Amino acid sequence: MPSTRQVFTFLALASLTAAAPVKEADRKLRKRDTLPDYAITYAPLSYLYSGEKWFPSDITTHLANVEPEEDYTAIGTNGSVTLDTLDSLSSDVYLTASDGPILDPLDGTPAWLSSDYGIPDSDGLSAAPGLIIAAEKNSTTTDVFYFYFYSYNYGGKVLDINFDDHVGDWEHVMIRFVDEEPYAIYCSQHSAGSAYYWDVVDFSGDRPITYVAYGGHANYVTAGSQDYTIALGIISDTTDAGYLWDMTLNYRGYLYDVDADTFTVASGAGTGATEEADESADWLNWLGRWGDEEYPDGLLDDIETGQYCISSECHYTSGPTGPVDKNLERTTMCEDDDDCTIFDNIDDLTTQS
Ligand SMILES: *[C@@H]1O[C@H](CO)[C@@H](O)[C@H](O)[C@H]1NC(C)=O
Ligand SMILES: *[C@@H]1O[C@H](CO)[C@@H](O)[C@H](O)[C@H]1NC(C)=O
């Protein structure tokens, strides 16, 4: 059902059509349905790690293998949630793996979690659609978000102990366009990320190169080893030019209206386009979690789930919220508007190997 605001916008547009030359109204309406060309022209080309084990996933496949839980109690069955019903769920819901806890992720995860079907082919085409969301900030500035979804996040090891595994993993790269020209690029990395001026990153033709780290899927602009700190010490992220993933070959496209806080479907490509033709954009409004709730840490629980927590770090953490919760309305280049530096060289914060 259209919201009051949509109805109002429709009426406003209708009166505009009556008053203004038809062509102008046509242009505006058309503009609402498609992503700007520059969103595709300058889209990142991403490399998954050569030894990656948890590949890009189609969100519909993910939904087919989870059940909604609230407070560790199932409120629906395996596969009962679809993209069409997602937004009717409470934001307290966790989409929980129907297979149960993954006791040893390195010793094999169910096929839908490792998502081998999402391994890109030699052209960079993944069967798992990406997500591209354009958010116009004002008359000069538009932020285009490239969202990467994986069904499993393997968190890595500190002193040979594995932390921060979770079901569901949303990561993103954002490119800010000013007057339709790329200005800077932001890469999500764990709870934060890094921004760089456009000219300083590496390109293939017009397109910036990004690297996706093994397991945890943080995004970087350089290959090699990248260190990040958790409470217990250092975890090294590993990236290389393993599998080229060109999201523009297969994606669902959306526009995000920053003022109205609404999403609309914009044309996609590949299976993403086919699938989204029958979908609405409403699922993007859902604020719940795309994976299991962090398992309790207690002796009996631990035997059942493999959970352990040391200091504030746990083996299994809660699944993430979706794109709507990644500060799409940001004014700075970063997800955290209060802590944002745009680097003018790509050697900052990274350790080349
Ligand atoms: C959940 O449903 C999917 C799709 O029908 C099926 O492949 C999978 O085996 C089911 N999982 C469980 C644990 O029953
Ligand atoms: C447009 O938005 C960007 C991002 O918030 C801001 O930096 C810029 O000053 C704004 N420009 C105008 C003309 O309002």
Side-chain angles (χ1 to χ4, degrees), residues 31 36 38-39 42 54-55 57-69 72-86 89 93-105 108-118 127-128 133-145 149-152 166-168 172-186 193 195-198 255-261 271 275 290-293 295 304-306 316 319 326-344:
K31 205 171 145 224
Y38 54 75
Y42 299 104
W54 299 278
F55 290 95
S57 312
D58 189 333
I59 47 180
T60 55
T61 304
H62 188 81
L63 293 182
N65 287 280
V66 296
E67 57 196 42
E69 285 194 4
Y72 302 103
T73 307
I75 56 162
T77 53
N78 179 38
S80 60
V81 178
T82 66
L83 274 193
D84 284 338
T85 60
L86 194 57
L89 297 178
V93 164
Y94 289 76
L95 299 177
T96 305
S98 301
D99 291 293
I102 310 304
L103 287 174
D104 183 358
T109 42
W112 66 276
L113 282 177
S114 48
S115 311
D116 287 0
Y117 65 87
I133 303 176
E136 188 177 315
K137 296 289 158 83
N138 54 43
S139 59
T140 57
T141 304
T142 295
D143 290 346
V144 180
F145 294 83
F149 182 72
Y150 312 85
S151 280
Y152 199 74
H166 49 89
V167 172
H172 70 274
V173 167
M174 186 274 274
I175 298 176
R176 172 160 293 179
F177 293 88
V178 178
D179 295 329
E180 310 200 355
E181 294 293 331
Y183 165 75
I185 181 170
Y186 172 82
Y196 300 90
Y197 287 108
W198 186 253
L255 302 178
Y256 177 62
D257 184 324
V258 178
D259 300 322
D261 190 17
T271 19
E275 292 185 342
W290 287 75
D292 299 27
E293 183 166 7
Y295 309 133
E304 198 185 324
T305 64
Y316 294 108
K326 305 302 180 214
N327 196 10
L328 302 180
E329 55 283 351
R330 69 188 64 173
T331 53
T332 67
M333 276 300 299
C334 306
E335 185 171 342
D336 181 355
D337 276 319
D338 295 328
D339 182 12
C340 191
T341 304
I342 310 178
F343 294 106
D344 59 8

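Since we're looking at a predicted model, the values are computed, not measured. As the structure lists them, so they are numbered: ligands from 1, and atoms in each ligand from 1.
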With sequence neighbours excluded, what pairs up with [X] under the side-chain contact (heavy atoms from CB on, under 4.5 Å) test?
X	result
S98	E67, N78
A127	Y117
D337	N327, R330, T331, T332

Are any side-chain N or O atoms of D179 and backbone N or O atoms of E181, one a donor and one an acceptor, separated by less than 3.5 Å?
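No: the side chain of D179 does not pair with the backbone of E181.
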Please report whether ligand 2 has a polar contact with N138, defined as an N or O pair separated by less than 3.5 Å (distance criterion only).
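Right, the criterion is met.
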Any chance the side chains of T60 and D58 put a donor and an acceptor closer than 3.5 Å?
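On atom types as modelled, these side chains qualify, holding a pair under 3.5 Å.
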Donor + acceptor pair across side chains of Y196, D344 (<3.5 Å)
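Short answer, no.
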Shell of residues surrounding ligand 1, defined by a 4.0 angstrom heavy-atom cut-off that is strict:
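Ligand 1 pocket, heavy atoms under 4.0 Å: A64, N65, N78, S98, D99.
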Tell me, please: is R330 in heavy-atom contact with ligand 2, that is, under 4.0 Å?
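No.
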Do the side chains of Y256 and E329 get nearer than 4.5 Å, heavy atoms only?
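Contact flag for E329/Y256 side chains = yes.
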Below 4.0 angstrom from a heavy atom of T331, which ligand 2 atoms are there? Numbered from 1 as shown, please.
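It comes down to these atoms of ligand 2: 4 (C), 5 (O).
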